[in-house]
Amino acid sequence: MELNDANLHTLTEYLQKTLSPDPLVRRPAEKFLESVEGNQNYPILLLTALEKSQDDVIRVCAAVTFKNYIKRNWRIVEDEPNKISDPDRTAVKANIVNLMLTSPEQIQKQLSDAISIIGREDFPQKWPDLLTEMVTRFQSGDFHIINGVLRTAHSLFKRYRHEFKSNELWMEIKLVLDTFAQPLTELFKATIDLCQTHATDINALKVLFSSLTLISKLFYSLNFQDLPEFFEDNMETWMTHFHNLLTLDNKLLQTETFNPKSGLLELLKSQICDNAALYAQKYDEEFQPYLPRFVTAIWNLLVTTGQEVKYDLLVSNAIQFLASVCERPHYKHLFEDQNTLTSICEKVIVPNMEFRSADEEAFEDNSEEYIIRDLEGSDIDTRRRAACDLVRGLCRFFEGPVTAIFSGYVNSMLNEYAKNPAANWKHKDSAIYLVTSLASKAQTQKHGITQANELVNLTEFFVSHILPDLRSPSVNEFPVLKADAVKYVMTFRSQLPKEQLLETVPLLVAHLRAESTVQHTYTAHALERLFTMRGPNNSTLFSATEIAPFTEQLLNNLFNALAIPGSSENEYIMKAIMRSFSLLQETIVPYIPTLIGQLTHKLLLVSKNPSKPHFNHYLFESLCLSIRITCKANPASVLSFEEALFPVFTEILQSDVQEFVPYVFQVMSLLLEIHTSSIPSSYMALFPHLLQPVLWERTGNIPPLVRLLQAYLEKGGTTIAGSAPDKIPGLLGVFQKLIASKANDHQGFYLLNSVVEHMPPESIGQYRKQIFILLFQRLQSSKTTKFIKSFLVFVNLYCVKYGAIALQEIFDDIQPKMFGMVLEKIVIPEVQKVSGQVEKKICAVGITKILTECPAMMDTEYTKLWPLVLQALIGLFELPEDDSIPDDEHFIDIEDTPGYQTAFSQLAFAGKKEHDPIGDAVSNPKILLAQSLHKLSTACPGRVPSMLSTSLNAEALQFLQGYLQAASVQLV
């Protein structure tokens, strides 16, 4: 693409179209931009549009498009083409910092993100001057530019908070500190001075306080891994200023009372609380001199800050600071006094556990946000979660006194509720939350609370205060308390006796009818968690028989809940449907004809605009379960499933709904694998389309497509050879593409193994030599452990299928003595690395055939390898698996592909049974070896025992004697 006005004009037009609400305009524009993004100069054109366009909307659109383009394509993946040319990379890095710093804030944020994505790959080695270029801008005095630098530095360095320790990371942080720490400290001091100079200028203060917040965030990132020497030397400067800022109150910076957003002052103080907590937790010795004054300042902050939503982040971070301090043995003395404990409980914990009107609004009007916060633990910055953490922290050293103080509060709250439930229901809500905080010592996602405070009687509280709410005939009365009761069951499910849990199941089924989204969502989640609980013998805690009486009501209520406004794509309900199917198994068969219609209708609706990945995943899992459970009892019913699903699948494939295509392939594989006769014509019609290169470009499609092609080969290898022989080169072309990639070569072997196993030998005879040549080329260019393991399995499968002579002849036909080289360089040294029962069996049977059915092994120069191959085979049987990996081999995680392409999501209930190509023909490979050696020794008497006695080590010989005895044969 030339850098000219015509191309710039075209690009701008397409950017404009991507903003259209009409999918018929938007989608083609997006597809066009995707198709040209591989062209040279594309990113430069985007940056030019961003810089020169007169239309602000286009500028922002160009910035977002550029950021997403960088996200998808900047990372260079081994074995994949470089998607951005080197000149473009250089030009982007040369211009982007300056462009970012001179752009308006909205664009600055997008470009700042793009810089951090590039920085993650290129900084510091391939972008050494990035930091110096940024630091020099601190001198500009222009805070729009300075804040741009700080924002970029923040997005670049914040990964230090969660990276694993490594030498590369230390080197990078050291480089950053050497360049950045001193100028950052100078900027911090200068900015604080400017705040005093401009104390009455609101506009100046807004900019300066934004800078101080960003500087504080950078301080946190740079100090997270370890305490840098520079910051230790300058602790006095930083901590004195942090303490002063905590106690600062500037009336100009206060936001209106009803504004729910945190103001600049709150954001800054929140970050300082985080910084102080980091030092108190990780560097307590160095921080000790400063700690008391921070505790006092933060305590005062907590006691004087109101209940408004805008203070939530500040209050929760301040409480988290106290929580992190009270857990440390060093600081235990600060909290020992009974009055101090009572004061903390009364003034900090109880007020911040109250259910406020803002929480009630969220419960009713913003249920999705409420659920994410409360159920999924994204409530880290809520007052309640922080107060709960503080209770846990205090209980570490003062469990008795704290439990005693709170028991009083709980009783008085419950008494208040009992006097007038309608007016005082919030008191009971706080009481339940307090009991939960007090009782929970250790918790996991899988089991709920795993360790509880012995001083709290959970079962008694359940019977007295939770069951009455669950039994209440009106499911819609007091929805918050009902949701609390359901959550209590879910949280303490591992602590409550089974009888009580079973008693709650029909009550919970009734609560699925609740109008409140939070209430029926919690109920679905609770049922799903109960159905996954394990009993003493590792089977599910509840059997299908125990839940069967509630089946009809359960399924009806779950499917009806999907029709309640706000829950049409509720992932918790869909997960509960999946789990109910999984638990109830054949009990659901009579309901499937009705339910499958509802599931396919839902699938058709969500495929128009897939927006909830978890919901979609559980929907496909539920479809797979319906198919598996029904077809297990009656395989012929697979036809009615195809009738119901194929119209929707066709639409998904034709519209190319990227998120759903991998799922469709998995369900189709499941359906095809159930067929008992040959391959149906409806599948054969689709076969040519599955070989189109464009489908294989998307990494998410590869595993399910390979599995689908394997199903085609298994059910219709002969049909394909007979009616579509022209498609065999296409099939092998797919194999060739996969084998070239380190990430996907194992998938190429899966396909190749199926070709060898299921295609008639004559149909692929002309291609066999070329297949081996491709494999040898890949072995020469990049030999990885994964490739060698797959190669060994394939070679031995070939040997089992076509015979050892055919294997030796094809190798030696490619190059004289090649067969011996493969045995010597690959089979003998590497076979120990093969893992998996079936894979080991294939190798054992293949190697046995090489030893006993290949004349060249007995009377050519290959004979010297015979005892070594036998020794390697006995090693495969008897030695532990060799799972060592060479140092220079860094496995690419197969899922770890950049960009926004849908990653492959394996459907658990579409799982493929492990297939053994040898099957019952060989039940014990050791016996087969003994029998085959016996047969060989009968054909040439005396040869085998003499080869064994001269070349096999004593231990191997002993094992071999054992095999011969077990097979009741001997060598002659």
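We number each residue from 1, following the sequence as shown. Here the structure is a predicted model, which is why all the values come from computation and not from measurement. Excluded from the calculations below are hydrogen atoms, water molecules and symmetry mates; all remaining heavy atoms, backbone and side chain alike, are included.
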Quick one: do L639 and E642 satisfy side-chain contact (heavy atoms from CB on, under 4.5 Å)? Show the steps, please.
-> CA-CA 5 Å; L639 297 170; E642 287 169 352; 3.8 Å; yes
Donor-acceptor contact below 3.5 Å, side chain [X] vs main chain [Y]:
X: R698; Y: Q658; answer: no
X: S781; Y: R778; answer: yes
X: Q931; Y: A967; answer: no
X: N953; Y: A956; answer: yes
X: Q666; Y: A910; answer: no
X: R75; Y: R120; answer: no
X: D916; Y: V838; answer: no
X: T630; Y: I627; answer: no
X: K849; Y: C854; answer: no
X: K769; Y: I814; answer: no

[X] and [Y]: which non-hydrogen atoms are nearest, and at how many Å?
X: K825; Y: P829; result: O-CG, 3.2 Å
X: I842; Y: P917; result: CD1-CG, 3.6 Å
X: M578; Y: L625; result: O-CD1, 3.3 Å
X: I850; Y: N796; result: CD1-OD1, 4.3 Å
X: A804; Y: C799; result: CA-SG, 3.7 Å
X: T848; Y: L929; result: CG2-CA, 3.8 Å

Please work out whether the ring planes of [X] and [Y] are parallel, tilted or perpendicular, with thresholds of 30° and 60°.
X: F749; Y: F791; value: perpendicular
X: H746; Y: Y750; value: perpendicular
X: F687; Y: Y712; value: tilted

Run the numbers on F646 and Y683 for ring pair (Phe, Tyr, Trp, His ring centres under 6.0 Å), then give the verdict.
-> CA-CA 10 Å; F646 274 20; Y683 286 89; 5.4 Å; yes
Near [X] [atom1], under 6.0 Å, is it more than 12 heavy atoms from other residues, nucleotides or ligands?
X: H614; atom1: NE2; result: no
X: E955; atom1: CD; result: no
X: D920; atom1: CG; result: no
X: Q970; atom1: CD; result: no
X: E163; atom1: CD; result: yes
X: E861; atom1: CD; result: yes
X: E762; atom1: CD; result: yes

Quick one: pull up [atom1] in [X] and [atom2] in [Y] and give me the separation to the nearest 0.5 Å.
X: S622; Y: K575; atom1: OG; atom2: NZ; value: 11.5 Å
X: L619; Y: L623; atom1: CG; atom2: CG; value: 5.0 Å
X: M821; Y: Y862; atom1: CE; atom2: OH; value: 9.0 Å
X: I674; Y: K632; atom1: CD1; atom2: NZ; value: 12.0 Å
X: I629; Y: S637; atom1: CD1; atom2: OG; value: 11.5 Å
X: I76; Y: N82; atom1: CD1; atom2: CG; value: 4.5 Å

Please assess L731 against L713 for the test side-chain contact (heavy atoms from CB on, under 4.5 Å), listing each intermediate value before the final yes or no.
-> CA-CA 10 Å; L731 197 58; L713 290 163; 3.8 Å; yes
Between [X] and [Y], is any pair of side-chain heavy atoms under 4.5 Å apart?
X: F772; Y: D813; value: no
X: L868; Y: E824; value: no
X: V755; Y: Y767; value: no
X: L775; Y: F787; value: yes
X: F959; Y: F877; value: no
X: N616; Y: E659; value: no
X: Y798; Y: I810; value: yes
X: M668; Y: L686; value: yes

Please check if the distance between the ring centroids of F581 and Y618 is under 6.0 Å.
-> no
Step by step, would you call E714 with L672 a side-chain contact (heavy atoms from CB on, under 4.5 Å)?
-> CA-CA 9 Å; E714 184 192 334; L672 184 50; over 6 Å; no
N-O pairing of K935 and E853 below 4.0 Å =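 No, no charged N to carboxylate O under 4.0 Å.
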Could you go step by step and tell me if R707 and E673 meet the salt bridge (Lys or Arg N to Asp or Glu O under 4.0 Å) rule?
-> CA-CA 10 Å; R707 177 181 168 190; E673 285 157 9; 2.9 Å; yes
Between the side chains of D812 and Q808, is a donor N or O closer than 3.5 angstrom to an acceptor N or O?
-> yes
Show the numbers, then the answer: is there a salt bridge (Lys or Arg N to Asp or Glu O under 4.0 Å) between E878 and K926?
-> CA-CA 10 Å; E878 306 299 344; K926 295 177 184 178; 3.3 Å; yes
M857 and T863: side-chain contact (heavy atoms from CB on, under 4.5 Å), yes or no, with the steps?
-> CA-CA 5 Å; M857 288 299 287; T863 311; over 6 Å; no
Run the numbers on H915 and E757 for side chain to side chain donor-acceptor pair (under 3.5 Å), then give the verdict.
-> CA-CA 11 Å; H915 167 65; E757 189 186 345; 2.6 Å; yes
